[in-house]
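Down below is the structure, laid out as structure tokens.
Nothing fancy with the numbering, it's 1 onward along the sequence.
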Amino acid sequence: MPKTKLEDVIFTLFMVFVMVYAMICYNIALKTGGMHRDIFLAAFHELILMAPIAFVLDFFLVGKIAKKTAFRLVDPEKENPFHLVLAISAVSVLWMCPLMSLAATLLFQNTDAGLLPVWMQTVALNFPMAFFWQLCYAGPFVRAVFRLIFRRRAAGRDSSECI
């Protein structure tokens, strides 16, 4: 997917926005007892705090771990290359969900019952949503938009190389 550092930054920013915004909406809906239209606006208040945390974690730590792990699990030469995409996505969620749940627990949860139990409950509630949102919706959507944005640029680059 991303071929340059700039493309990697753009891809990560877009993925962070789509994942974090959806997860914030989900968590607010859990707290308020259901989804309603006010949640979509309220989520932007938490997004200001959570998106930079997610970007730093994903871009500098989790993304590298996910890619390294995925290449150990999947050989794109012998298997369908899409399996590599799925492996990267799954490993990313395995790392990002507990880390972002910890950040959300520290920033937004009442931890009077203890940090560890509240964090564990937050991870347990967030993991299924994060996993399926990433694999079924956010990942395919972000990759499709990314391809649309960078297809013209890539086509232009290819044609200029021929000249």
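Within a 6.0 Å radius of NZ in Lys68, no more than 12 heavy atoms belonging to other residues, nucleotides or ligands are found.
Rounding to the nearest 0.5 Å places CG of Leu99 at 7.0 Å from CG of Leu61. Taking CD1 of Ile53 as the reference point, atom CG of Leu107 lies at 5.0 Å (rounded to 0.5 Å). Atom CD of Glu7 sits about 10.0 Å away from atom CD1 of Ile149, to the nearest 0.5 Å. A distance of 4.5 Å separates CG in Leu106 from CG in Leu102, rounded to the nearest 0.5 Å. From Lys31, atom NZ reaches atom CG of Leu125 across 11.5 Å, with rounding to the nearest 0.5 Å.
At least one side-chain heavy atom of Glu46 sits less than 4.5 Å from a side-chain heavy atom of Ile28. For the pair Met1/Val85, no side-chain contact is recorded, criterion being any heavy-atom separation below 4.5 Å from C-beta on. Counting only heavy atoms from C-beta outward, the side chains of Val118 and Asn110 never approach each other to under 4.5 Å. With contacts defined as side-chain heavy-atom distances shorter than 4.5 Å, the pair Ser89/Arg143 qualifies.
Both Met96 and Val9 sit in one connected hydrophobic cluster of ILVMFWY residues. Membership requires side-chain heavy atoms under 4.5 Å apart, directly or through other members. The hydrophobic clustering, which links ILVMFWY residues whose side-chain heavy atoms are closer than 4.5 Å, places Phe127 and Tyr137 apart. Cluster membership check: Phe11 shares its hydrophobic cluster with Leu57, using side-chain heavy-atom separations under 4.5 Å among Ile, Leu, Val, Met, Phe, Trp and Tyr. Residues Phe17 and Ile24 share a hydrophobic cluster, clusters being chains of Ile/Leu/Val/Met/Phe/Trp/Tyr side chains in contact below 4.5 Å. Hydrophobic clustering, with ILVMFWY side chains joined whenever heavy atoms are under 4.5 angstrom apart, keeps Ile88 apart from Phe82.
A pairwise comparison of heavy atoms in Gly139 and Met15 identifies CA-CE, 3.8 Å as the closest pair. Across every non-hydrogen atom of Leu47 and Pro52, the tightest pair is O-CD, 3.8 Å. Nearest heavy atom pair, residue Leu73 against residue Glu79, reads O-OE2, 4.1 Å. Taking each heavy atom of Ala54 and Val20 in turn, the nearest pair found is CB-CG2, 3.5 Å. Residues Ser92 and Ala66 approach most closely at OG-CB, 3.4 Å, considering heavy atoms.
The aromatic rings of Phe146 and Phe150 sit tilted, their planes meeting at an angle between 30° and 60°.
Taking the six-membered ring for Trp and the full ring otherwise, Tyr21 and Phe44 have centroids separated by under 6.0 Å. Aromatic ring centres of Phe14 and Phe141 lie closer together than 6.0 Å.
When the side-chain contact (heavy atoms from CB on, under 4.5 Å) test is applied to Asn126, the partners found at least two apart in sequence or on another chain are Met23, Tyr26, Asn27, Cys97, Ser101, Thr122. When the side-chain contact (heavy atoms from CB on, under 4.5 Å) test is applied to Ala29, the partners found at least two apart in sequence or on another chain are Met35, Ile39. Under the rule for a side-chain contact (heavy atoms from CB on, under 4.5 Å), the partners of Ala22 that lie at least two apart in sequence or sit in another chain are Trp133.
At distances below 3.5 Å, not a single donor-acceptor pair connects side-chain atoms of Gln121 with backbone N or O atoms of Pro117. Side-chain atoms of Trp119 do not come within 3.5 Å of backbone N or O of Gly114 as any donor-acceptor pair.
When each of Asn80, Val74, Asp75 is paired with Lys78, the side chain to side chain contact (heavy atoms under 4.5 Å, CB included) condition holds for Asp75 and for no other.
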### Task
For Phe59 and Phe55, run ring pair (Phe, Tyr, Trp, His ring centres under 6.0 Å): C-alpha distance rounded to whole Å, both residues' side-chain angles, the deciding distance at 0.1 Å, then the answer.
CA-CA 6 Å; Phe59 192 78; Phe55 178 82; 5.2 Å; yes
